[in-house]
Q: 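This is the structure I have questions about; it appears just below.
Quantities reported herein were computed from a predicted structural model and do not represent experimental measurements. Order of the sequence lines fixes the chain letters, A, B, ..., with proteins taken first and strands second; residue numbering starts at 1 for each chain.
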Amino acid sequence: GENVEQHPSTLSVQEGDSAVIKCTYSDSASNYFPWYKQELGKRPQLIIDIRSNVGEKKDQRIAVTLNKTAKHFSLHITETQPEDSAVYFCAASKGSSNTGKLIFGQGTTLQVKP
Amino acid sequence: NAGVTQTPKFQVLKTGQSMTLQCAQDMNHNSMYWYRQDPGMGLRLIYYSASEGTTDKGEVPNGYNVSRLNKREFSLRLESAAPSQTSVYFCASSEAQIQGSNTEAFFGQGTRLTVV
């Protein structure tokens with residue numbers, strides 16, 4: 001089955017700096033790659049996603065890149081702010097399975113220092 | 001719309017006790033899921049249901065059973081709780097596909113379960 005590896009497990013940056021989180025996946029049939037943000041004590045919520053027919057997607061300060069050949073994708077946060085502090089999860093799923101099930105990475109705890 | 005609603009929010013069980021976690025969604029989604037979240041392990045899929053009347057094992061199904069009661073409701077049962085099942089449990093749901101790939105999963109607020 002699908003396996004998703006996420007690095008780093010913790011990341012500390014100064015406010016205003018950029019943060020990058022990387023994920024690799026094992027199943028070449030995976031074609032949907034969402035990123036979720038989970039604030040302390042809250043539920044995970046989608047912040048951005050990318051499908052395998054595009055290589056990059058941006059939404060204001062966040063962007064995701066996908067390299068299908070290498071089977072890895074990354075989350076980029078620019079001009080980080082203290083409210084970006086949270087746990088971030090990447091995930092992968094196969095459209096062919098038609099179940100929508102997501103396999104998640106282990107999570108990255110991002111701390112943005114004021 | 002309430003989205004995905006889970007009950008209870010907190011629960012303490014003794015080893016060997018049983019309980020059922022309830023989940024309901026009001027978004028008319030076909031697929032529903034149960035995940036557990038443990039420190040450093042991410043979100044691991046326990047069971048999922050792609051449609052009413054079907055259920056399948058995920059990554060960590062041992063010690064759990066599920067029921068897809070109808071399109072709205074998907075319950076998770078622990079028959080004989082063990083300390084290793086201490087975790088935060090999340091229910092989620094999603095709709096079908098766009099361009100042959102899957103779509104956003106919406107999560108419930110979570111259930112913090114402690115087994116002593």
Side-chain angles (χ1 to χ4, degrees), chain A residues 1-10 21 23-27 29-54 57 59 66 68 73 87-109, chain B residues 2-6 9-10 23 25 27 29-52 54-61 66 68 74 88-112:
Chain A
E2 176 67 277
N3 183 50
V4 178
E5 297 286 333
Q6 182 172 348
H7 299 281
S9 57
T10 60
I21 303 170
C23 289
T24 60
Y25 61 98
S26 61
D27 192 337
S30 289
N31 61 0
Y32 175 64
F33 307 94
W35 286 88
Y36 283 79
K37 177 183 180 181
Q38 185 181 30
E39 296 175 349
L40 190 62
K42 301 283 181 67
R43 72 191 77 191
Q45 293 195 293
L46 181 75
I47 54 170
I48 195 168
D49 56 15
I50 191 167
R51 301 179 193 282
S52 60
N53 57 350
V54 298
K57 185 176 179 180
D59 183 3
L66 171 65
K68 284 171 53 181
F73 56 113
V87 180
Y88 292 81
F89 293 99
C90 63
S93 77
K94 287 192 290 191
S96 58
S97 71
N98 204 28
T99 65
K101 69 174 183 177
L102 294 170
I103 301 301
F104 284 86
Q106 296 85 348
T108 297
T109 301
Chain B
V4 181
T5 304
Q6 288 179 237
K9 197 167 182 179
F10 300 96
C23 175
Q25 52 91 10
M27 296 174 281
H29 286 168
N30 286 319
S31 295
M32 297 185 73
Y33 320 91
W34 278 104
Y35 288 90
R36 61 177 288 174
Q37 182 176 21
D38 303 291
M41 307 288 284
L43 292 152
R44 291 182 292 169
L45 183 64
I46 305 171
Y47 269 94
Y48 64 99
S49 170
S51 61
E52 186 179 347
T54 69
T55 61
D56 284 289
K57 294 178 180 179
E59 301 169 275
V60 288
V66 290
R68 184 73 182 268
F74 188 39
V88 179
Y89 291 85
F90 285 98
C91 176
S93 71
S94 73
E95 194 30 85
Q97 303 177 331
I98 295 175
Q99 299 171 6
S101 68
N102 294 310
T103 57
E104 177 181 2
F106 294 84
F107 285 81
Q109 73 272 37
T111 297
R112 187 172 293 276

Q: Measure the spacing between OH of A:Y32 and OG1 of B:T103 and express it to the nearest 0.5 Å.
A: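 A:Y32 OH to B:T103 OG1: 6.0 Å, rounded to 0.5 Å.
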Q: Indicate the atoms forming the closest heavy-atom contact of B:F90 with A:Q38, along with that distance.
A: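 So the minimum-distance heavy-atom pair works out to CZ-NE2, 3.4 Å.
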Q: Would you give the length of the straight line joining atom CD of B:E59 to atom CD of A:E2, rounded to the nearest 0.5 angstrom?
A: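 If I round to the nearest 0.5 Å, the distance is 9.5 Å.
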Q: Which one wins on heavy-atom pair count under 4.5 Å against chain B: A:P34, A:P44, A:G105, A:G1?
A: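 Of A:P34, A:P44, A:G105, A:G1, A:P44 has the most heavy-atom pairs under 4.5 Å with chain B.
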Q: Given that the side chain runs from C-beta out, which part of B:V4 has a heavy atom under 4.5 Å from chain A: side chain, backbone, both or neither?
A: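 The backbone, not the side chain.
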Q: With chain B as the partner, which of A:L102, A:D49, A:T109 has the greatest number of non-hydrogen pairs under 4.5 Å?
A: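 It is A:L102.
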Q: Go through the steps for A:K42 and B:F107 under the test side chain to side chain contact (heavy atoms under 4.5 Å, CB included), then give the verdict.
A: CA-CA 10 Å; A:K42 301 283 181 67; B:F107 285 81; over 6 Å; no
Q: Looking at every non-hydrogen atom in both residues, tell me the closest pair between B:L43 and A:F104 and how far apart they are.
A: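 Result for this residue pair: O-CB, 3.5 Å.
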Q: May I ask you to name which of B:G42, B:A92, B:P39 has the most heavy-atom pairs under 4.5 Å with chain A?
A: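 Of the candidates given, the most pairs with chain A belong to B:G42.
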Q: Does a sphere of radius 6.0 Å around CZ in B:R44 hold more than 12 heavy atoms from other residues, nucleotides or ligands, not counting ones at 6.0 Å or beyond?
A: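 More than 12 heavy atoms, drawn from other residues, nucleotides or ligands, come within 6.0 Å of this atom.
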